[in-house]
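Below: the structure, in structure tokens.
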Amino acid sequence: MAREFQRGHKAKISDLTPGTDLYVGVQIAAPGLTFDISCFGLDAHEQLSDDRYFIFFNQPKSPEESIQLLGAQSGDTESFRVTLDRIPAAIQKLSFTATLDGSGQMSQIGPGYIRIVAGGEEVVRYAFTGSEFTTERAVMLGDFYLKDVWRFAAVGQGFDGGLDALLKNFGGEVAEEEAPPAAAPAAAPGFAPPAQAAAPPAFGAPPAVQAPQPAPSFGAPPAPTPPPAPQQPMHAAPTIAAPLAPQTPQAPQAPSPYGQPHQPQFGQVPGQGAPPAPPFGQQAPAPYGQPAPAPYGQQPPVGMPPGVPQGMPQGVPQGAPATGAGLQAALQPYKEAATGQRWTPQNQQLMRVDLTMGGSGVLARQGSMVMYQGKVDFGYKSAGFVGRAVGNATGQEMQLMRCTGRGQVFLAEEGSHLHPIELQGDAICVSAESVLAFDESLQYEVRRVEGHGIPGGALFTMQFQGTGTVIVKTHGTPVVLPVTPTTFADCNAVVAWSAASQVIVSSQVRLRRNAYPGHSGETVNLQFRGAPGNFIVVQPYEV
């Protein structure tokens, strides 16, 4: 029986089906509208670094045919064949998208879905309607992504700009329209539905669909190669006895890497070539961003400091570019990272949560919001009388706020390093002091760690369980260690551990601490025991 996913739901492919040869079907339609359904093969940075893995109507398969566009069949507007064990290691994510070809909005669509079929049986379906969107012209429907194993996520995130916005989001380039060549290009073949249209195919061998060769790049067809210029006879060219100003040939610059702008040489304005040599007797223009020197024998105007060019108002920093090209280039590395996931790290100290995905709210530490976009409501999350009493008694009290609505919230606290931990029905123990935020769908409670050698008789921690994400903060980069019978850690440095681990107090430290006044300075150590697969997280800092 197929599992019904909601926006933001995720699951391992191995939990859905043991197979790796999958059929992906997309159904989307609206009266009078036409849709282009594509698949983007992205690298570890979620960028389209190889445009051969942009699978669309003009490039229906990847080089090794691990991703194939099959066409409309079995009630699906478009369908794909994905063979996960043949996808190269450089491709870490497959994003299935739908964009409008022409005018219209995604709010006009009727009920649609994206589904996965394995061996002729539907295993998962994410359904959506136009009421979930407004003015968007493109939408990311679902993702296959590699996170130790292949997983599937129902996304449902829209873009106002259509296909161009998607390409730019994934780091691709949109080619400008060019005039078609004189010869009429061959018409793109139409994909006919397979013979077994009554049910989705069970993949045994690749279908015998004759697909056109991939286009060299997305956009207009390449311009025709101009015919070579006719050579002049040897004696027809004029003879120059002695050139007045011999020109030194310059070596052509190497092309920039894919998706990166050309870097100008020092002293050049971006987008322009090298400045021409000045005429004889005139000064060369100043390098870009530096003031032009005054003509020989002249002084700067009265009231202006030396070196400030005429026409520049006082108070403007010297060397500031007149346009924003330099500013945009300087800020490019710090752009917002929008990956289509509910939780997205912007850097080591800043976390972004998209409340439009997942359907549930987010509980975050009070005062941790640094910015938000969209319509977001912030409310006080009361722990109740019993919760406050337990929190005060155990030291595990959390002052929380509830974030709901449709928008994105950015969270941080005192520059701490932030780490999203995704739970798939399992549990983890984290100190309340180390929790920044978590999905409201998670269950949490105070757990007690027994020990007679601990001041107060016991230690306490928070246990989170269910399906969702908890954001853990650390001082510096933590280390994750497997639990063995000889694993010990300072209780003030431990951040989290797997809930199945057994935690006891180390008797060595108790004896050392109480035996004589000049002890080592360590207070309480914890010993961890458990089956293989259990772990602890330790930060390079003692609270």
Side-chain angles (χ1 to χ4, degrees), residues 5 7-17 19-26 36-56 59-69 78-99 114-116 118 123-124 126 138-159 163 165-173 218 258-259 335-346 351-354 356-358 420-422 424 469:
F5 271 27
R7 177 188 293 179
H9 282 189
K10 307 172 186 177
K12 298 178 181 178
I13 296 295
S14 58
D15 293 341
L16 303 174
T17 174
T20 58
D21 203 357
L22 307 176
Y23 171 98
V24 179
V26 176
D36 292 329
I37 301 173
S38 312
C39 176
F40 290 83
L42 310 175
D43 59 19
H45 302 289
E46 300 191 2
Q47 296 292 295
L48 184 66
S49 55
D50 189 344
D51 57 5
R52 297 178 300 169
Y53 289 88
F54 174 34
I55 309 304
F56 66 114
Q59 185 168 252
K61 60 182 179 181
S62 59
E64 72 292 327
E65 299 185 357
S66 61
I67 314 166
Q68 302 178 35
L69 186 70
E78 190 60 87
S79 60
F80 299 82
R81 178 185 183 183
V82 177
T83 311
L84 294 177
D85 52 5
R86 295 178 59 186
I87 295 176
I91 303 301
Q92 302 279 305
K93 186 175 185 178
L94 304 180
S95 181
F96 294 89
T97 66
T99 58
I114 179 172
R115 61 174 179 165
I116 301 176
V123 295
V124 67
Y126 163 49
V139 61
M140 293 191 297
L141 301 174
D143 293 340
F144 287 119
Y145 63 100
L146 187 60
K147 186 178 179 182
D148 61 52
V149 295
W150 281 103
R151 304 167 186 255
F152 174 74
V155 180
Q157 179 179 353
F159 284 81
L163 185 58
L166 277 178
L167 281 169
K168 293 177 182 178
N169 179 67
F170 293 137
E173 295 181 353
F218 176 72
Y258 174 80
K335 287 181 59 179
E336 175 188 2
T339 62
Q341 303 294 330
R342 178 170 168 88
W343 295 91
T344 305
Q346 303 300 294
M351 184 67 60
R352 171 185 183 268
V353 55
D354 192 343
T356 61
M357 304 176 59
I421 300 179
E422 181 180 354
Q424 297 280 352
T469 300

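Only heavy atoms go into these numbers, but all of them, side chains included; no hydrogens, no water, no symmetry mates. Bear in mind the structure is a predicted one, so any value in this text is a computation, not a measurement.
- From T83, atom OG1 reaches atom CG of L22 across 8.0 Å, with rounding to the nearest 0.5 Å.
- Residues that satisfy the side-chain hydrogen bond (donor to acceptor under 3.5 Å, both in side chains) test with S79, not counting sequence neighbours, are Q73.
- When every heavy atom of T99 is checked against every heavy atom of A138, the shortest pair comes out as CG2-CB, 3.4 Å.
- The side chain to side chain contact (heavy atoms under 4.5 Å, CB included) search around A98 returns I28, I37, V139, L141, not counting sequence neighbours.
- Checked against side chain to side chain contact (heavy atoms under 4.5 Å, CB included), L146 has the following partners two or more places apart in sequence or in another chain: Q92, W150.
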Margin query: Could you go through R342 and V353, starting from their C-alpha distance and side-chain angles, then the distance that decides it, and tell me whether this counts as side-chain contact (heavy atoms from CB on, under 4.5 Å)?
Written below: CA-CA 5 Å; R342 178 170 168 88; V353 55; 4.3 Å; yes
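- The residue from V123, V82, T17 that alone fulfils the side chain to side chain contact (heavy atoms under 4.5 Å, CB included) condition with I116 is V123.
- No donor-acceptor pair closer than 3.5 Å links the side chain of R52 to the backbone N or O of P63.
- Rounding to the nearest 0.5 Å gives a distance of 9.5 Å between CG of L166 and CD of Q157.
- Applying the salt bridge (Lys or Arg N to Asp or Glu O under 4.0 Å) criterion to D43, with sequence neighbours excluded, gives no partner residue.
- Taking the side-chain hydrogen bond (donor to acceptor under 3.5 Å, both in side chains) definition, one finds that S66 meets it with S62, E64, sequence neighbours left out.
- For the residue pair G171 and Q47, the shortest heavy atom distance occurs at CA-OE1, 3.1 Å.
- Shown here are the salt bridge (Lys or Arg N to Asp or Glu O under 4.0 Å) partners of D85, two or more places apart in sequence or in another chain: there are none.
- Smallest separation of non-hydrogen atoms from G19 and I13: O-CG2, 4.2 Å.
- Shortest non-hydrogen contact noted between V155 and M357 is O-CE, 3.9 Å.
- Among residues two or more places apart in sequence or in another chain, the side-chain hydrogen bond (donor to acceptor under 3.5 Å, both in side chains) test is passed with N169 by none.
- With sequence neighbours excluded, the residues forming a side chain to side chain contact (heavy atoms under 4.5 Å, CB included) with E422 are K10, Y145, K147, Q424, T469, listed by chain and number.
- Shown here are the ring pair (Phe, Tyr, Trp, His ring centres under 6.0 Å) partners of F170, two or more places apart in sequence or in another chain: F40.
- Not counting sequence neighbours, K12 has no partner by the side-chain hydrogen bond (donor to acceptor under 3.5 Å, both in side chains) test.
- Counting heavy atoms from C-beta on, the side chains of L94 and V24 never come closer than 4.5 Å.
- Side chain of Q59 to main chain of F54: a donor-acceptor pair is present (N/O by atom type, distance under 3.5 Å, no hydrogens or angles).
- Closest approach of C39 to F80, counting heavy atoms only: CB-CE2, 3.9 Å.
- M140 and T97 get closest at one heavy-atom pair: CG-CG2, 4.0 Å.
- When the side chain to side chain contact (heavy atoms under 4.5 Å, CB included) test is applied to T344, the partners found at least two apart in sequence or on another chain are A337, T339, Q341, Q346, R352.
- The structure places CH2 of W343 at 12.0 Å from CD1 of I421, a figure rounded to the nearest 0.5 Å.
- Annotation: side chain of I67 is in contact with side chain of Y53 (closest heavy-atom distance under 4.5 Å).
- Rounded to the nearest 0.5 angstrom, F152 CZ and F5 CZ are separated by 7.0 Å.
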